[in-house]
Structures are given as C-alpha cells and as structure tokens.
Undergrad: 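For reference, the structure I am asking about is given below.
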Amino acid sequence: MDNLQIENNILETIKTAFKVEGKVVREKRVEITAHKQLISSILLFAKNQHNYIHLNHITCVDWIEDGEFEINYIIWSPTTKNTLIIKTRISRENAQMENIDNIWDQANTYEREMREMYGIEFPGLIGEHEFILEDWDEMPPMRRDFDTLEYATKTFYQRPGREDAKDVREELTKQSGEEIPEFAKKYSREK
Amino acid sequence: MTITENNIKQPIGEYIQNWARKHSLFVLAYGTGCGAIEIPPTMTSRYDAERFGIRGAATPRQADVLLITGYLATKSLKRVIRVYEQMQDPKYVIAFGSCTINGGMYYDSYNTINALDRYIPVDVYINGCMPRPEAVISGFVELQKQIASGNAYNATKYKENLEWYRENQKKIIKNWRMPDYNW
Ligand code: SF4
C-alpha cells in the first residue's frame, strides 16, 4: 500500500505544523483530531496551502456519555480529490464554538442549524435564531437527552392501536431461532 | 319533490347539486411527505383520474378537494390550515397515508402531527404507506358516494366547531399570526 503517498504527505504536514493527532483512514481520506482553538487555523492552512477549497459539511455528534459534542469539518480538495476530516470535541455545557463563516460563507447555514438543533452558540454568527423549527421553545431537539416520544405524546394526539406493535427483529429471531446480540437487547420493545 | 336513489331520499334540487359536485372534483394537492409521488401516476394516462372528473386546481379558491399526501410537519400544518380556510364551500379533505391517520412511522417525531382530524375535518382517509393510485381513486370514489348521499358536510362542521379546532391548532402553532377569514 504505497499509493497512500498524498494522504501521508498531507497528514505529516498538518501534524508537524500544528502538533495534532491524526491518521489516514483509507485511500483519499485523512482524519485529524484537534483542539477547538486550532480549528480555524487548520482549516485556513488546508484551504490556502493545500487547496482544500470545498467545504463539504459540518456535522455534530452528541457524545452524551462523555458530556461532549463532537464537531466534524469535512473539506475536499479538487486537485488531489482528497477528503480531510477535522474533528474536535467541545463541552456540552454552555457549548460554544468558533464561527468560521469568514472562511466559507456556506458555513453560516450549518452553524445556524447546529445552533438550533444542538444549542451550540457561535459568537458573532449572523442570522435569525429561528432557522428550520418554528416557535420552538423546548430543548434543542437533536440533543440525545431530548425524549421525542414523550414530547410527541404530550404535544400531539396519539391514536390508540399501536399497543400490540411487534418488534420486527424479535419476531424474526423467534422464527429463525437466532440469538439477538447483546447490544441490541436494550432496544427491545418487550420490557 | 324528492328523488330516491340507492335508498337515499333527497329533494330534487339537492340531488342535482350533489350529482354535479361529485362529477367535478377539483383537487388541490398539498404535496407533503412521500405520498406526493403517487399523484402524477394517478392524474396521468396510466390511471387517468380525469375519468372520474378529478383534476388539478391551481389555487385554493378554485379547489373543491384538499389532498394531504402524507406526514405534516408542524410548520406545514400552519400552511395547510391557511389553505383550507381560503377554500370556498363546498370543500372536502382527503388525507392520504398512515402518517395522517396516526403518525405512521413518524409517530414519535417531535415535529410531525399524528392525527390530522384534530386540526381540520377529514372526509376520507386512505390508508397505506403509501397508497397506490388504485387506492387513491377508490378514496375519491368513496368521497363521491358521500357527496351523492348528501353526507359530506364537514366544512359546516368546521365552522360550527371552530373553537375546538382552534384550540387544537393553537396548541401546535404557538405564535398565531394568521388572518381570519369570514366565509
Ligand atoms: S404514510 Fe408512509 S409514504 Fe406516506 S408520508 Fe408517511 S411514511 Fe411517507
């Protein structure tokens, strides 16, 4: 596997420039984990020096067990056709992240969405607080401690008739005699 | 003078009125959810809904039937209510897909309503996820039967029970900035 040269190169440059962790995931995919204060400099470096000019996506993952949000910046370079993923963790309490919409204008949209769906604040972010949801006054709904079933039960009218709904996985394993894996048991409907 | 058809007795004026209404259903399709994809085959040559006098209308004020084709986000519920209130009498609602009946597979979602008839009166429900064009047409035929028998008076029911509907609607649409229509 010597053809990962471009990937290794970019990983090494960023590693030496910023002293961060990272790895080559596979062909055309490099992943870097950095402290949140380094993010904008890494993004600028990658954009200006290595032609990662395209922002694919900014995503957020709620690691409620660790009390943290993970923010992933996914950028792409049209010259090497390589994807670079830059990960950072921020605390769930008073979640705050640097606003990067001066690097890519379209980051504004993703950041507004994260502000609404996860309650992450981006100081200096321009745009209405209300983005997709209308008249929302509960906890940001994409946080994992938001119980959607409970909210739906109290807000909307549940029509009776779902009580005997069966769990597809359980029904199938009963028929085939297969074991349900341990990790899947906690999602069981038969409590 | 009355006329009896299918064991239903009606004054002749009403009979003619209903007969005309049931043969020209102008449909405003509110294409929400996945079900909207079944509307083009229903309307075009394969199933040709125009055989039954069913055809599209451009605006709410020209339409007789409001067709809701799937789950309604709380946000689109607001638009649906406005559209429904703009429609002229006689007006009917056909709700389409299990999402409008009991939430379907989005029953635990934080932003889709579960039972449409709490917010606007529904004349015919078509179940299925999603219903095929045959089912859609059979739903329309069911509506035509209701119209012919003089039982499709849901728009009046809405006016009479407006407070109950408003209460349910305002539970979802907290910031009520809607025009009042005087029908
Ligand atoms: S009933 Fe099924 S097809 Fe229709 S909107 Fe709901 S999920 Fe989609």
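Just so it is clear, the model here is predicted, and its values are computed rather than measured. Keep in mind that the numbers below use all heavy atoms, side chains included, and drop hydrogens, waters and symmetry copies.
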Undergrad: Keeping A/Arg159 on the side-chain end and B/Ile101 on the backbone end, is there a donor-acceptor pair under 3.5 Å?
TA: yes

Undergrad: Mind checking the CZ-CG spacing from A/Phe156 to B/Leu116? Nearest 0.5 Å is all I need.
TA: 12.5 Å

Undergrad: Applying salt bridge (Lys or Arg N to Asp or Glu O under 4.0 Å), run through A/Asp135 and B/Arg177 and close with a yes or a no.
TA: CA-CA 11 Å; A/Asp135 309 334; B/Arg177 281 173 311 218; 5.1 Å; no

Undergrad: Measure the spacing between CH2 of A/Trp136 and OG1 of B/Thr74 and express it to the nearest 0.5 Å.
TA: 7.5 Å

Undergrad: Run B/Arg79 and A/Glu134 through salt bridge (Lys or Arg N to Asp or Glu O under 4.0 Å) and show every step you take.
TA: CA-CA 12 Å; B/Arg79 279 74 187 169; A/Glu134 250 180 19; 3.1 Å; yes

Undergrad: Closest heavy-atom contact between A/Tyr151 and B/Tyr110?
TA: CE2-O, 3.3 Å

Undergrad: For residues A/Tyr157 and B/Asn168, is any side-chain donor paired with an opposing acceptor at under 3.5 Å?
TA: yes

Undergrad: CG of A/Asp137: more than 12 outside heavy atoms within 6.0 angstrom?
TA: yes

Undergrad: Of all the heavy-atom pairs spanning B/Asp108 and A/Leu149, show the shortest one and how long it is.
TA: CB-CD1, 3.5 Å

Undergrad: Is there a path of hydrophobic side-chain contacts, each under 4.5 Å between heavy atoms of I, L, V, M, F, W or Y residues, that connects B/Met130 with B/Ile137?
TA: no

Undergrad: Where the side chain of B/Lys75 meets the backbone of A/Ile132, is there a donor-acceptor pair that is under 3.5 Å apart?
TA: yes

Undergrad: Could you check whether any side-chain N or O of A/Thr148 sits under 3.5 Å from a backbone N or O of B/Ser109, counting only pairs where one atom can act as donor and the other as acceptor?
TA: no

